[in-house]
Amino acid sequence: MSENLNPFSIAQAQLDEAAAVLQLDPQMHAFLREPMREFHFTIPIKMDDGQTKTFRGYRVQYNDARGPAKGGIRFHPDETIDTVRALAAWMTWKTAVADIPLGGGKGGVICNPRELSQGELERLSRGYMRNITRYVGLTQDVPAPDVNTNPQVMAWMLDEYESIMGHREPGVITGKPLALGGSAGRTPATALGGLFAIREAAKNLNLSLENATCAIQGYGNVGSFAHKLGSNQFGLKVVAVSDEFGAIYNENGLDPKAVSQHLRRNGKLKDCPNTENLTNAELLELEVDILIPAAIENQLTSQNADRIKTKIVAELANGPTTPEADNILNDKGTYIIPDFLCNAGGVIVSYFEMVQNSYQFYWDESMVHERLDKKITTAFNAVHRMSQKQSVDTRVAAYLVAVDRVAEAVRLRGWV
Ligand code: NAD
């Protein structure tokens, strides 16, 4: 039978495995397997050539028992409702494992932002927000950026929301530009949180991070900061990085400044001076201490897992490993830092952003990162301890911690 790569089926299968270990009440299990609310809508946009083009948008509020739903918005040509559902489920587990008072949600628009002018992108962002205005808010659901959306997109969405509502409410959306109430230290937060988790995993494996070798798949917001901060603050030797067009390699380590400069000038990583070109598949199979998938879903599968030769897989991307690959890697003794723990730094600092917006009092970057370190380290230790106590792999352990917390809130509310 071929491997099931539907992200929502994978998210449900992961929950099923944890539910069996937790001996979760079947009625609670059935409730947690499905999103609580979904919004499907069309967004008609006047294009620059005068024609109207209709885009499809989604917002899923998977579970808000622990607090308002929270999750990013993706603009992607391959977006599907099942991808949004899976990402919303993972947000629910992520906010729970990080122990922040929020639920899980996610949004998306099927579009190719590279084919849109700035004006079209602005109209699409505002059109998306018009459709969800009555369902979001500081106490309901708080969106944020994700793949192909950024602080400018958040600024347009914030302005649309506030124009409709007739008041200022910066906490309705996070990942905003600093000038509109964004938090210091938000942009590198996902990568930095992942690096704090890698530091904790390395301690458990007696692995020194100084000159530990590392390969990073994906060179967007998350991957590029993982390279820069990993090299400059944690002493990692990043020997390979990739984007959708291919990978580059240097056994002595890649200089983040030189790589970013090359990417800015050429639009892709390939052919960077002083490096060797590799394929993306080759990057994943390098013999390195730490492998960081920071691109898209389903990158480590039954097709390549037996050739992955790394001590730690740090999943900064969402859903990069299929359940079959998980089994193969766990059998080999690979230490996996599961996605919704590893990449929780973004939502943790988004939560800090909401807190600062509510108080209208702002922290400096060092305070943001110090508090992020505390949150991620606490979450990592809870998962690691659970994995040892229950003799389960780290992904199941993360589910055990998260599902237990969400189920408790659901039970206390009397929903199940
Ligand atoms: P991004 O759009 O900024 O970057 C994505 C990168 O992946 C780009 O460099 C792209 O070229 C590359 N890529 C795409 N397909 C690829 C492939 N097949 N092989 C290799 N590289 C490929 O996105 P991002 O914000 O950096 O997010 C990356 C991942 O991290 C996603 O899974 C996202 O859901 C997850 N994540 C992001 C955040 C955040 O704060 N940005 C938070 C949590 C999780």
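First listed ligand is number 1; within each ligand, the first listed atom is number 1. Since we're looking at a predicted model, the values are computed, not measured.
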Practice prompt. Please step through ring pair (Phe, Tyr, Trp, His ring centres under 6.0 Å) for the pair Y399 and F340, ending with a clear verdict.
Written response: CA-CA 9 Å; Y399 267 93; F340 66 79; 5.0 Å; yes
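- Distance alone, capped at 3.5 Å, is enough to place a donor-acceptor pair between the Y62 side chain and the L32 backbone.
- For R74, a nitrogen or oxygen atom sits less than 3.5 Å from a nitrogen or oxygen atom of ligand 1, counting backbone and side chain alike.
- Other residues, nucleotides and ligands contribute only 12 or fewer heavy atoms inside 6.0 Å of the CG atom of N274.
- Considering only non-hydrogen protein atoms, atom 28 (C) of ligand 1 sits nearest to A294 O, 3.4 Å.
- In this structure, the protein non-hydrogen atom closest to atom 3 (O) of ligand 1 is N221 N, 3.0 Å.
- Atoms of ligand 1 found under 4.0 Å from any heavy atom of R186, numbered from 1 in the order shown, are 40 (O).
- A donor-acceptor contact shorter than 3.5 Å links the side chain of N6 to the backbone of S9.
- For ligand 1 and S242, the ligand atoms under 4.0 Å from any heavy atom of the residue are 20 (C).
- Comparing heavy-atom distances from atom 10 (C) of ligand 1 across E315, K94, E244 singles out E244 as nearest.
- Relative to atom 5 (C) of ligand 1, the option among A144, A191, G220 with the closest non-hydrogen atom is G220.
- Polar contact check, G346 against ligand 1: no nitrogen or oxygen pair lies under 3.5 Å apart.
- Backbone and side-chain nitrogen or oxygen atoms of T190 are examined, and one is located within less than 3.5 angstrom of a nitrogen or oxygen of ligand 1.
- Selection from G72, A295, G345 by nearest heavy atom to atom 29 (C) of ligand 1 gives A295.
- Applying the salt bridge (Lys or Arg N to Asp or Glu O under 4.0 Å) test to pairs two or more places apart or on separate chains, those with a residue in residues 318-332 are D326-R395.
- Looking only at protein heavy atoms, the nearest one to atom 18 (N) of ligand 1 is I296 CD1, 3.8 Å.
- Counting protein heavy atoms only, atom 21 (N) of ligand 1 is closest to D243 C, 3.2 Å.
- A cation-pi arrangement is found for K268 relative to F245, the charged atom lying closer than 6.0 Å to the ring centre and inside a 45° cone about the ring normal.
- Listed by atom number, the atoms of ligand 1 under 4.0 Å from Y219 heavy atoms are 6 (C), 8 (C), 9 (O).
- Considering V241, L263, N280, N148 only, the shortest heavy-atom separation from atom 20 (C) of ligand 1 involves N280.
- Of the protein's non-hydrogen atoms, V222 CG2, 3.9 Å is the one closest to atom 24 (P) of ligand 1.
- Interface atoms of ligand 1 facing D146, defined by a heavy-atom separation under 4.0 Å, are 34 (O).
- Residue contacts with ligand 1: K268 is excluded, as none of its non-hydrogen atoms falls under 4.0 Å.
- Near L316, with a cut-off below 4.0 Å to any heavy atom, the atoms of ligand 1 are 30 (O), 35 (C), 36 (N), 44 (C).
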